[in-house]
Every structure is written in structure tokens, then in C-alpha cells.
Amino acid sequence: DTEVTQTPKHLVMGMTNKKSLKCEQHMGHRAMYWYKQKAKKPPELMFVYSYEKLSINESVPSRFSPECPNSSLLNLHLHALQPEDSALYLCASSQDVGTQYFGPGTRLLVL
Amino acid sequence: QKEVEQDPGPLSVPEGAIVSLNCTYSNSAFQYFMWYRQYSRKGPELLMYTYSSGNKEDGRFTAQVDKSSKYISLFIRDSQPSDSATYLCAMSSGTYKYIFGTGTRLKVLA
């Protein structure tokens with residue numbers, strides 16, 4: 001099973017809201033990722049967790065806050081977002097630095 | 001110069017054609033090479049993975065890596081309308097940073 005699941009599929013939020021995106025994998029992968037993807041662009045790396053520790057933060061604004069409660073779960077907490085943050089948010093996982101598997105994404109609209 | 005270059009297309013081919021998709025790269029440290037297929041408004045789906053140089057075949061798909069030329073290819077045989085999607089190449093030097101090409105939009109016409 002090479003499945004990464006993400007919830008919710010769609011999210012609409014106002015600029016003052018707080019919301020969370022969730023990601024889960026049961027492949028025993030030790031690395032989990034958050035990407036942001038705008039239309040007609042490749043995925044853009046935001047964060048990487050390796051063995052449940054944050055190993056890469058690509059200078060992402062603090063209104064995005066990642067959390068890795070355990071090796072199977074990854075959250076992205078959102079607060080005070082801007083309309084330009086509207087995008088497809090993708091979670092991915094990999095066993096160390098090999099093949100990376102993506103989830104279906106959460107389509108976020110910030111009003 | 002970008003680390004990974006990929007022709008954005010769109011590339012239109014008739015059904016049944018052989019499709020060739022390519023990426024060039026500049027970082028000789030890249031060792032892990034992947035091809036993803038992404039349908040509109042969906043997450044990327046891993047199609048092929050190659051470590052270092054060589055060829056790999058899976059059904060109608062063949063991936064080639066030429067490290068001496070810093071060039072990777074994905075061939076799709078007997079293309080189908082369902083293959084219409086954006087194809088992304090991605091590569092890594094063994095860190096957690098995967099560098100993506102911009103993606104090539106493919107249309108297979110019935």
C-alpha cells in the first residue's frame with residue numbers, strides 16, 4: 001500500500017481563521033513533507049520532518065506551523081493566512097531519501 | 001540557470017503515438033530520479049523511479065537516465081487519452097530536497 005491520505009480535500013477560510021490540515025501514512029516512512037503548489041507550477045517545498053523532527057524549513061512564514069505528533073501523522077496549522085496563500089497543499093512521505101509518495105492534496109482558498 | 005529544466009509544452013500527440021518527455025539538469029550530485037504524473041487538481045502520482053544511471057521499464061513506460069549528459073527521459077508507448085496530464089520530473093542528491101522540473105503538459109488526442 002503506497003497511500004498517503006489528506007484531510008480535508010477542500011478548505012475555505014477567512015484571513016482571521018485558524019484551521020489545520022492533516023496527513024497520514026502507514027507505509028512506515030520516516031520522512032514526511034509539506035509542499036505548496038500553485039496552478040501550472042511544480043510543488044514548492046515548505047517543511048520536512050525526518051524521524052519526527054523538523055529537518056527543513058524553507059523560510060516559510062510563521063502563519064504556517066507544522067507538527068508531527070508521531071511517525072504516521074503530519075499536521076499543518078494555519079493562522080491569519082493571506083489570499084495569496086490559496087493553493088493546493090500536498091503532503092508526501094518517503095523512506096529516507098528514496099521514492100517520495102504524494103497524497104491527493106488539500107485545495108485551500110483564503111478569502 | 002535553473003537546476004532542472006523541462007519543456008512546459010503543451011505536447012499534443014495522436015492516440016497510439018510514442019511520447020518522449022525529457023529533463024536536463026546541472027547538478028552532477030543528483031542520484032535519485034523520479035517521474036510523476038499529475039492530473040488537474042490532483043496530487044502527483046509516482047510513475048517511475050531510477051537510482052543513478054540506466055534504464056527502467058514498467059509496462060508502457062520506460063525511464064532513462066544519462067548522467068554523463070545530465071539528461072533523463074520518460075517514454076510512453078501506445079499513448080492513450082487517459083495519459084493526458086502534466087508530467088513532472090524530480091531529482092535528489094540524497095538529501096530530503098527534491099528538485100522538480102516545471103512539468104510538461106501532455107495531450108493525447110483520440
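Basis for what follows: all heavy atoms, side chains included, without hydrogens, waters or symmetry-related copies. Each chain gets a letter, A, B and so on, in the order the sequences are listed, and its residues count up from 1.
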Heavy-atom distances under 4.5 Å only: say whether B:Q38 touches chain A with side chain, backbone, both or neither. side chain
Mind jotting down which residue pairs meet the side chain to side chain donor-acceptor pair (under 3.5 Å) criterion with at least one end in residues 55-65 of chain A? Sequence neighbours excluded, please. A:E58-B:K97, A:R63-A:D85
If hydrophobic clusters are built from ILVMFWY residues whose side chains come within less than 4.5 Å, do A:M46 and A:V110 share one? yes
Turns out that what part of B:T95 lies under 4.5 Å from chain A's heavy atoms comes down to backbone
Check each atom of A:Q37 against the heavy atoms of chain B and say whether the ones under 4.5 Å are side chain, backbone, both or neither. side chain
B:Y25 reachable from A:L45 in the ILVMFWY side-chain graph, under 4.5 Å edges: no
Smallest separation among heavy atoms of A:S50 and B:Y96, with atom names: OG-OH, 3.0 Å
For chain A, which of B:Y51, B:Y36, B:Y98, B:F100 has the most heavy-atom pairs under 4.5 Å? B:Y98
Cluster question for you: counting only ILVMFWY and a side-chain heavy-atom cut-off of under 4.5 Å, with indirect links fine, are A:F102 and A:Y49 together? no
When every non-hydrogen atom of A:L88 is compared with those of B:K42, the smallest separation belongs to CD2-O, 3.9 Å
In terms of hydrophobic clusters joined by side-chain contacts under 4.5 Å, are A:Y33 and A:L74 together? no
B:L88 side chain near A:P43 side chain, heavy-atom distance below 4.5 Å: yes
